Amino acid sequence: MNANYQRIWNTVLAIPAGKVSSYGRIADLAGLPGRARLVGKALGYAPDALEVPWHRVLRSSGQLAFEAASKTAIRQARLLHAEGVVVRNNRVDLKIYGWSPDISEMLFGLDY
DNA sequence: CGACTGACTCTCT
DNA sequence: CAGAGAGCCAGTC
């Protein structure tokens, strides 16, 4: 069971700085389709030592998974902003910052 | 085994 | 785009 968490953490670690992904997408990439909620749990259990960029994981709509007023949401928004990701009204524009492995590699090839 | 819960998502309105 | 409802999955009691 712990193996699933490990895979989730590895997948999250693969998200490049300045980009964000959703719980569902992470679950798919980790080979665990339909376990979006498990991803959230895995992040909660993730040890600090791994330095998992949990703040780059949002809901499918681009909205943060916490109340805008909560300490966690504030911290997440701050971390994202520090990477150049614009967070407005507790949500991020996935059209701009959303991460997709294939697209990412494609863009990496084009010099932009 | 059944009932409840949650860092989720999809569909319809 | 926001809100409501239903579906899903793993954990816990």
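Per chain, numbering begins at 1; letters A, B, ... match sequence-line order. Note that the coordinates shown come from a computational prediction; the quantities given were computed from them, not determined experimentally.
Contacts of A:Glu67 classified as salt bridge (Lys or Arg N to Asp or Glu O under 4.0 Å), with partners at least two apart in sequence or in another chain: none. In this structure A:Arg35 satisfies the side chain to side chain donor-acceptor pair (under 3.5 Å) test with no other residue, sequence neighbours excluded. Legend: residues meeting side chain to side chain contact (heavy atoms under 4.5 Å, CB included) with A:Asn90, ordered by chain and number and at least two apart, are A:Gln63, A:Leu64, A:Ala68, A:Ala73. The side chain to side chain contact (heavy atoms under 4.5 Å, CB included) check on A:Thr11 picks up A:Ile26, A:Leu29, A:Ala30, with sequence neighbours excluded.
Contacts between residues 21-58 of chain A and DNA chain C, defined by a heavy-atom separation below 4.0 Å, involve A:Gly34, A:Arg35, A:Arg37, A:Leu38, A:Lys41, listed by number. Of the residues in residues 78-100 of chain A, none lies under 4.0 Å from DNA chain B by heavy-atom distance.
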Let me see the working for A:Leu32 and A:Val39 under side-chain contact (heavy atoms from CB on, under 4.5 Å), right down to the final yes or no. CA-CA 9 Å; A:Leu32 303 168; A:Val39 174; over 6 Å; no
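Inter-residue side-chain proximity for A:Val57 and A:Ser22 is flagged as unmet; no heavy-atom pair is nearer than 4.5 Å. In this structure the side chain of A:Thr72 never reaches within 4.5 angstrom of the side chain of A:Gln76, judged on heavy atoms.
Here ring-ring contact (aromatic ring centres under 6.0 Å, His included) pairs that include residues 24-50 of chain A, with residues two or more places apart or in two chains, are A:Tyr5-A:Tyr45. Residue pairs meeting the ring-ring contact (aromatic ring centres under 6.0 Å, His included) criterion with at least one member in residues 59-99 of chain A: none, sequence neighbours excluded. Pairs engaging residues 89-104 of chain A under the salt bridge (charged side-chain N to carboxylate O under 4.0 Å, His left out) rule: none recorded [sequence neighbours left out]. Annotation: side chain to side chain donor-acceptor pair (under 3.5 Å) contacts involving residues 50-62 of chain A, sequence neighbours excluded, comprise A:His55-A:Glu83, A:Arg56-A:Glu83.
Shown here for A:Leu50 and A:Leu13, the closest heavy-atom pair between the two residues is O-CD2, 3.9 Å.
Taking every nucleotide of DNA chain B with any atom under 4.0 Å from a non-hydrogen atom of chain A, the first and last of them, 5' to 3', are B:dG6 to B:dC10.
With a cut-off of 3.5 Å on both pairing distances, the Watson-Crick and G-U wobble pairs of DNA chain B assemble into stems of 3 or more at B:2-6 with C:9-13, B:8-13 with C:2-7.
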